[in-house]
Amino acid sequence: MTATSENGPAGRPARVVTKTLQDGVKKTVLPSGLRIVTEAIPTTRSAALGIWVGIGSRDETPSLHGASHFLEHLLFKGTHKRTALQISSEIEAVGGETNAFTTKEYTCYYARVLDADLPLAVDVLVDAVADSILEPADVETERGVILEEIAMHEDEPGDEVHDVFAEAIFGDHPLGRLISGTPESITPMTRDQIHRFYRRHYTAPEVVIAAAGNLDHATVVRMVRKALAGTPLDTGPAESATPRPGTRRVRARKAHDVVLHRDTEQAHIVLGGVGIGRHDERRFALGVLNNVLGGGMSSRLFQEIREKRGLAYSVYSYASHYADSGLVGVYAGCAPAKSREVLDLIRVELARVAADGITAEELVRGKGMAKGSYVLGLEDSGSRMSRLAKSELLHGDLMSVDELLARVDAVTVDEVNAVAADLFARPLSLAVVGPFDEDELPSW
């Protein structure tokens with residue numbers, strides 16, 4: 001690892017520190033604490049740019065529930081330099097694409113363009129994120145859009161059941177709340193509330209700008225600094241924010257069942273419980289376990305429920321990681337009349353893996369799936385950019401591909417079995433969305 005610093009006037013340190021993290025990967029920390037991480041991929045003709053802010057829905061108070069997602073919409077509506085149409089048209093005019101998404105712990109604004117158009121993408125995206133106006137009229141327009149988005153989500157029971165499950169586990173903790181907010185929280189939210197949230201939380205130390213593609217790191221840094229000049233993110237010296245700590249466990253609710261009545265053709269089921277945080281060393285063992293249990297067509301759940309019995313089209317397991325907690329669950333979508341049979345089979349498989357663990361053959365297959373999906377997922381500049389940003393924002397360091405593969409290879413049968421026993425031997429919560437009433441659940 002090498003490091004260089006730029007000096008300010010009269011030789012005073014400007015505290016612009018650049019480090020080489022890995023071959024082709026460099027990181028610069030500006031005096032403001034804002035971080036810029038890039039990966040040069042000379043063999044591609046594209047470039048992906050992302051502005052990642054370490055603020056998500058779990059950072060909201062109850063009265064601001066949904067503010068992060070509301071803000072994500074508003075930052076594309078106009079700045080002091082550009083209208084909403086100009087923001088979108090300038091990128092689309094060169095064949096690029098731009099979008100954003102909000103999670104419970106961070107928000108991302110991204111663009112993908114031809115390598116020659118990276119300067120334009122930097123200028124437009126930095127302008128939108130750093131210097132949005134938040135016009136009152138735009139707030140009202142986007143309020144209607146978000147309310148429609150919430151309503152549309154309720155028409156997707158296969159997605160909605162995961163939110164019901166999260167609330168069943170975490171209750172009124174921010175990790176249990178909808179990222180989008182609810183009509184009751186979005187409707188009264190004012191422009192001034194959102195603007196205060198914007199300026200309080202969108203600060204330079206919380207921002208990571210990541211780029212990957214056919215680029216030069218020093219040139220990207222100059223582009224970013226030029227685009228930042230004069231914006232609220234062009235601030236004085238500050239330390240970069242550290243990754244969200246995972247030292248305190250989130251209190252989960254006692255295991256219970258929740259049903260949400262919907263007049264649907266299918267029943268949507270999630271059975272599971274509390275998982276582990278992203279800093280937990282057992283996450284590699286859990287990844288292998290997830291693949292064995294329900295991570296593909298060869299998995300236990302897929303074979304038992306779909307292949308052998310044809311009871312469901314979609315069935316899978318998953319693990320979600322947060323800084324200080326996580327979720328593990330099994331999803332299935334099936335005919336309502338088959339719900340009890342499907343749920344019984346899921347319970348049997350979870351009890352079996354908790355009691356007996358996995359086999360040596362399954363360990364090999366689970367590791368292979370984990371390694372293959374990770375490496376194959378890095379085949380484009382967008383995924384490379386995301387890897388850089390998440391590593392910096394969520395972990396504070398960048399694990400090389402070889403290091404990650406070695407960590408997966410080092411997982412043992414005993415480690416997987418210990419995780420399975422810890423997570424699935426305990427009482428589990430059930431979330432159901434479908435044409436049922438709550439009093440029907442005890443019969444299951």
Side-chain angles (χ1 to χ4, degrees), residues 17-30 32-41 44 46-59 68-69 71-72 75 96-113 118 121-122 124-126 128-130 179 201-217 220-221 223-225 227-228 233 239-244 246 278-279 283 320-323 374-375 377-401 403-404:
V17 179
T18 297
K19 299 179 179 179
T20 299
L21 302 181
Q22 296 173 12
D23 185 28
V25 180
K26 294 184 178 182
K27 168 186 170 181
T28 290
V29 181
L30 300 183
S32 63
L34 186 145
R35 291 155 283 174
I36 304 167
V37 190
T38 72
E39 181 175 8
I41 313 173
T44 185
S46 68
L49 172 74
I51 302 180
W52 299 66
V53 187
I55 299 296
S57 62
R58 72 173 299 177
D59 300 298
S68 298
H69 178 248
L71 186 57
E72 174 214 313
L75 294 195
E97 57 184 13
T98 185
N99 212 329
F101 61 88
T102 305
T103 75
K104 295 187 178 184
E105 297 189 318
Y106 57 86
T107 307
C108 171
Y109 306 83
Y110 64 91
R112 192 160 182 246
V113 294
L118 183 57
V122 170
V124 172
L125 210 58
V126 169
V129 175
I179 293 172
H201 293 293
Y202 276 52
T203 61
E206 290 285 354
V207 174
V208 172
I209 297 181
N214 188 20
L215 53 79
D216 172 72
H217 179 80
V220 172
V221 172
M223 293 176 193
V224 170
R225 298 191 76 180
L228 287 171
L233 290 183
E239 294 294 329
S240 299
T242 56
R244 194 184 298 266
R278 75 169 67 94
H279 305 296
R283 66 188 184 277
S320 301
H321 302 291
Y322 306 114
Y374 181 78
V375 174
L378 295 176
E379 290 296 304
D380 65 84
S381 57
S383 57
R384 295 283 191 96
M385 178 273 290
S386 295
R387 168 179 172 258
L388 298 179
K390 289 181 180 179
S391 295
E392 176 63 33
L393 193 66
L394 305 181
H395 295 280
D397 62 7
L398 177 65
M399 188 180 296
S400 71
V401 174
E403 288 174 318
L404 187 139

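This one's a predicted model, so the numbers in the text were calculated from it and none came from an experiment.
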S.K.: Looking at side-chain heavy atoms only, is the closest gap between I209 and V126 below 4.5 Å?
M.R.: yes
S.K.: Return the set of residues passing side-chain hydrogen bond (donor to acceptor under 3.5 Å, both in side chains) with E97 (not counting sequence neighbours), or none when no residue passes.
M.R.: none
S.K.: If every non-hydrogen atom of A48 is compared with every non-hydrogen atom of M385, which pair is closest and at what distance?
M.R.: O-CG, 3.8 Å
S.K.: Would you give the length of the straight line joining atom NZ of K26 to atom CD1 of I36, rounded to the nearest 0.5 angstrom?
M.R.: 13.5 Å
S.K.: Would you indicate whether the side-chain heavy atoms of Y106 and V208 approach each other to under 4.5 Å?
M.R.: no
S.K.: Tell me, do L30 and R225 make a side-chain contact under 4.5 Å, heavy atoms counted?
M.R.: yes
S.K.: How long is the gap from CZ on R384 to CD on E379, to the nearest 0.5 Å?
M.R.: 7.0 Å
S.K.: Could you check whether atom CG of D397 has more than 12 heavy atoms from other residues, nucleotides or ligands sitting under 6.0 Å from it?
M.R.: yes
S.K.: Looking at every non-hydrogen atom in both residues, tell me the closest pair between Y202 and L71 and how far apart they are.
M.R.: CE1-CD2, 3.5 Å
S.K.: With no hydrogens and no angle check, do the side chains of E72 and T102 hold a donor and an acceptor under 3.5 Å apart?
M.R.: yes
S.K.: Return yes if some donor-acceptor pair links the side-chain N/O of Q22 with the main-chain N/O of L398 below 3.5 Å, else return no.
M.R.: yes
S.K.: Search all heavy atoms of L233 against all heavy atoms of A130 and return the closest pair with its distance.
M.R.: CD1-CB, 3.7 Å
S.K.: Can you tell me how the ring of H279 sits relative to the ring of H395, calling it parallel under 30°, perpendicular over 60° and tilted otherwise?
M.R.: perpendicular
S.K.: Exactly one of T20, T18, T38 should register a side-chain hydrogen bond (donor to acceptor under 3.5 Å, both in side chains) with H217. Which one does?
M.R.: T38
S.K.: Answer yes or no: is there a side-chain heavy-atom contact under 4.5 Å between S381 and R112?
M.R.: yes
S.K.: Report yes if some heavy atom in the side chain of D59 is under 4.5 Å from a heavy atom in the side chain of S68; otherwise report no.
M.R.: no
S.K.: So, do V401 and R387 sit near enough that their side-chain heavy atoms are less than 4.5 Å apart?
M.R.: yes
S.K.: Begin from the C-alpha positions of E39 and I41 and carry the test side-chain contact (heavy atoms from CB on, under 4.5 Å) through to its verdict.
M.R.: CA-CA 6 Å; E39 181 175 8; I41 313 173; 4.2 Å; yes
S.K.: Specify the closest pair of heavy atoms between L394 and P243, including all atoms of both residues, with the distance to one decimal.
M.R.: O-CB, 3.4 Å
S.K.: With a sphere of 6.0 Å drawn around NZ of K104, does it hold more than 12 non-hydrogen atoms of other residues, nucleotides or ligands?
M.R.: yes
S.K.: Please identify each residue that fulfils ring-ring contact (aromatic ring centres under 6.0 Å, His included) with Y322, with sequence neighbours left out.
M.R.: none
S.K.: Mind checking the CH2-OH spacing from W52 to Y109? Nearest 0.5 Å is all I need.
M.R.: 12.0 Å
S.K.: Checking E392 side chain against R35 main chain: does a donor-acceptor pair fall under 3.5 Å?
M.R.: no
S.K.: List the residues meeting side-chain hydrogen bond (donor to acceptor under 3.5 Å, both in side chains) with E239, not counting sequence neighbours, and say none if there are none.
M.R.: R15
